[in-house]
Amino acid sequence: VFASRAPYRPNPIGLSAVEHLGLERTSDGLALRLGGIDLLDGTPILDIKPYLPHIDALPEARGGFAATTAGDRCRVSFDPRAERQIAAADPQGTRRLRLLIEQVLAQDPRPGYMDRYPERKDYALRLFDLEVCWQVAGGVATVRSVLPRRAEKR
């Protein structure tokens with residue numbers, strides 16, 4: 001739930017954009033100094049996200065934490081086997097699976113902490129009723145397989 005930046009959350013937790021004014025050492029430890037906040041004194045802050053200029057809509061704000069933009073895209077290629085599996089999964093092309101997979105992987109959906117594990121090359125994600133497996137090498141995401149998702153054991 002906290003990973004969502006959307007205002008449509010399944011809980012009554014508020015969502016505010018604030019200015020980070022720095023850290024302050026207090027007798028209780030470190031504290032965030034925030035400006036432009038619309039909270040009552042003592043309201044807990046449950047989650048913090050960096051301001052991303054290409055996602056958030058505050059023209060006067062600065063995005064010093066994450067410098068990448070929506071224009072930063074990963075190249076995507078498809079193994080011939082994956083092309084055949086896509087054709088089998090979407091024979092009429094109504095779901096436009098190849099295009100959708102390409103658009104999703106172009107945004108590099110790997111977790112941000114994966115740069116700490118450069119040896120890891122294989123990834124997977126669920127898309128509809130499918131499991132999409134890909135590898136990343138040299139800045140290119142290569143789709144290796146697109147197979148029906150296995151039923152989960154309960």
Side-chain angles (χ1 to χ4, degrees), residues 1-78 82 86 95-154:
V1 171
F2 291 134
S4 172
R5 290 176 163 273
Y8 310 106
R9 294 172 164 211
N11 57 47
I13 297 172
L15 185 66
S16 299
V18 300
E19 182 180 6
H20 180 254
L21 299 174
L23 295 172
E24 183 177 297
R25 188 168 301 279
T26 69
S27 59
D28 294 326
L30 284 177
L32 282 173
R33 291 185 55 239
L34 303 174
I37 198 159
D38 58 350
L39 303 174
L40 295 174
D41 191 26
T43 300
I45 296 174
L46 302 177
D47 187 37
I48 300 170
K49 302 254 184 297
Y51 174 76
L52 301 174
H54 62 278
I55 294 175
D56 299 313
L58 298 171
E60 70 282 358
R62 297 181 323 272
F65 181 82
T68 60
T69 66
D72 295 341
R73 297 286 189 228
C74 185
R75 279 196 15 234
V76 180
S77 69
F78 293 80
I86 290 169
R95 295 201 288 182
R96 300 175 66 189
L97 281 177
R98 188 184 193 287
L99 177 62
L100 180 58
I101 292 168
E102 188 171 1
Q103 290 174 339
V104 169
L105 295 185
Q107 296 179 56
D108 195 359
R110 296 176 296 169
Y113 60 81
M114 290 312 300
D115 58 354
R116 289 183 258 161
Y117 307 98
E119 69 283 355
R120 181 162 178 195
K121 305 285 185 233
D122 297 305
Y123 300 91
L125 63 81
R126 289 182 179 176
L127 187 63
F128 300 123
D129 56 339
L130 303 168
E131 183 173 86
V132 178
C133 298
W134 78 96
Q135 292 180 334
V136 176
V140 178
T142 303
V143 179
R144 306 293 302 226
S145 66
V146 180
L147 297 170
R149 193 174 85 206
R150 289 177 270 177
E152 293 181 19
K153 295 178 183 176
R154 293 191 182 236

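- Nearest approach of Trp134 to Val143, heavy atoms of both residues: CB-CA, 3.9 Å.
- Considering every non-hydrogen atom in both His20 and Leu34, the closest pair reads CA-CD2, 4.2 Å.
- Arg96 CZ: 12 or fewer foreign heavy atoms inside a 6.0 Å radius.
- Arg25 places no side-chain N or O within 3.5 Å of a backbone atom of Ser27 that could act as its donor or acceptor partner.
- Interatomic distance, Leu130 CG to Leu147 CG, rounded to the nearest 0.5 Å: 8.0 Å.
- By the salt bridge (Lys or Arg N to Asp or Glu O under 4.0 Å) test, Arg98 pairs with Glu83, Glu102, sequence neighbours left out.
- When each of Leu105, Leu99, Val104 is paired with Ile101, the side chain to side chain contact (heavy atoms under 4.5 Å, CB included) condition holds for Leu105 and for no other.
- Going from atom CZ of Arg110 over to atom CG of Leu125 covers 12.5 Å, rounded to the nearest 0.5 Å.
- Scanning all heavy atoms of the two residues, the minimum distance from Cys74 to Gly139 falls at SG-O, 3.5 Å.
- The distance from the CG atom of Leu127 to the CG atom of Leu100 is 5.0 Å, given to the nearest 0.5 Å.
- Put simply, the side chain of Gln135 reaches to within 4.5 Å of the side chain of Asp122, judged on heavy atoms.
- By the neighbour-count criterion of 12 heavy atoms within 6.0 Å, atom CZ of Arg95 is densely surrounded, having more than that number from other residues, nucleotides or ligands.
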